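Just so you know, these numbers come straight off a predicted model, no measurement behind them.
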Amino acid sequence: GSSLQQLEHLSIVHCHSMEAVMIDVVSAIELPRLKKLYLDSLGCAKSFFSTAKKEATLRLPSLESLTIERCPQVERFWTGSFFAPKLRKLSVTECNKLQHVFEVNPDITTELSSLQKVDISSCGRFKSILSGPLEAPILREVQLYNCPDLECFLLGSSNQNGPIELPFLAAVDVGYCAKLTSMSRPP
């Protein structure tokens, strides 16, 4: 609602009974000024923004940093269209049930056009950052550590249904990802 329209920083830490940041979203969530989202030690959360509609949209047009740590029950951050054109840094640590940070309908593009750094560590069931089409043209740095089920970092394609191109990728650090076979491949 309008009560959160001015929110710029949101940190939720050690709220072990919290199930979601927002529940039962009808069609869209927009937090227009949110720049930093930090979620840590939410023991019961399975999803941070919960919706029954796959076509729902999460719009965070000012978000620059998303950090998710020690959320053992989280299965997904969001299901549906995700718009965060200024997101530069994504960090996920110790989220053992998380398989994909974003799960989207193959017909919906996830807008991550400013994403520069991704750090995923100690996520036991993690399979890929995204399942679905992706736009992340300036990704520069990727760190993947202790993700034993990770098979492919980016499972998806570009908007043109061709391979994902990462022309600015300068650093990739990978460790203890026994099933990793490729950095990107079509779905």
Side-chain angles (χ1 to χ4, degrees), residues 1-13 20-22 25-40 42 45 47-51 53-69 71 74 76-93 95 98 100-121 123 126 128-144 153-160 162 164-173 183-184:
S2 61
S3 63
L4 300 177
Q5 297 299 303
Q6 300 300 314
L7 189 65
E8 291 185 17
H9 300 277
L10 176 58
S11 293
I12 303 174
V13 179
V21 175
M22 292 183 178
V25 176
V26 177
S27 63
I29 297 173
E30 182 164 6
L31 299 171
R33 298 187 65 186
L34 187 66
K35 292 180 182 179
K36 182 178 178 184
L37 179 56
Y38 179 76
L39 305 166
D40 184 1
L42 307 182
S47 177
F48 298 111
F49 298 93
S50 175
T51 181
K53 294 188 173 193
K54 296 279 186 190
E55 64 274 3
T57 301
L58 177 58
R59 295 180 56 83
L60 304 172
S62 299
L63 189 68
E64 296 173 0
S65 174
L66 171 59
T67 302
I68 305 168
E69 297 180 343
C71 296
V74 71
R76 66 191 154 279
F77 175 74
W78 172 254
T79 300
S81 182
F82 182 70
F83 180 77
K86 293 183 180 178
L87 183 64
R88 293 186 322 225
K89 182 180 178 201
L90 171 65
S91 178
V92 181
T93 304
C95 296
L98 185 71
H100 308 282
V101 179
F102 307 106
E103 289 185 56
V104 297
N105 178 319
D107 299 327
I108 300 172
T109 297
T110 297
E111 170 64 50
L112 299 170
S113 58
S114 294
L115 190 61
Q116 294 179 24
K117 182 176 181 182
V118 174
D119 182 357
I120 310 287
S121 62
C123 295
F126 186 71
S128 69
I129 185 174
L130 176 83
S131 75
L134 173 71
E135 288 295 321
I138 64 169
L139 187 63
R140 297 179 192 277
E141 186 178 340
V142 175
Q143 295 178 333
L144 304 168
F153 171 63
L154 296 169
L155 180 60
S157 63
S158 70
N159 263 350
Q160 296 78 28
I164 296 170
E165 295 184 16
L166 303 171
F168 295 101
L169 190 62
V172 177
D173 292 319
M183 286 302 290
S184 71

Leu42 and Val74: CA distance, side-chain angles, deciding distance, side-chain contact (heavy atoms from CB on, under 4.5 Å) verdict: CA-CA 8 Å; Leu42 307 182; Val74 71; over 6 Å; no
Check against side-chain contact (heavy atoms from CB on, under 4.5 Å), Gln143 and Lys117: CA-CA 8 Å; Gln143 295 178 333; Lys117 182 176 181 182; 4.2 Å; yes
Evaluation steps, side-chain contact (heavy atoms from CB on, under 4.5 Å), between Leu60 and Leu87: CA-CA 9 Å; Leu60 304 172; Leu87 183 64; over 6 Å; no
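Note that the CG atom of Leu90 and the OG1 atom of Thr67 stand 8.0 Å from one another [nearest 0.5 Å]. Atom CG of Leu169 is separated from atom CD of Glu141 by 9.0 Å, given to the nearest 0.5 angstrom. Atom CD of residue Glu64 and atom CG of residue Leu34 lie 10.0 Å apart, to the nearest 0.5 angstrom. For the atom pair CG (Leu31) and CD (Gln5), the distance works out to 7.0 Å, reported to the nearest 0.5 Å. Interatomic distance, CG of Leu66 versus CG of Leu10, reported as 10.5 Å (0.5 Å rounding). One distance of note links CG of Leu39 with OG of Ser11; it measures 8.0 Å at 0.5 Å rounding.
For the pair Thr93 and Ser121, the minimum side-chain heavy-atom distance is below 4.5 Å. In this structure, Glu69 and Tyr38 have side chains that are in contact, with non-hydrogen atoms separated by less than 4.5 Å. Residues Glu30 and Pro61 have side chains in contact (heavy-atom distance under 4.5 Å, counting atoms from C-beta outward).
Proximity of a side-chain donor or acceptor of Ser62 to a complementary backbone N or O of Pro32 within less than 3.5 Å is detected.
Residues passing the side chain to side chain donor-acceptor pair (under 3.5 Å) test with Arg33, sequence neighbours excluded: Gln6, Glu8.
Of all heavy-atom pairs between Leu98 and Val92, the closest is CD2-CG1, 3.6 Å.
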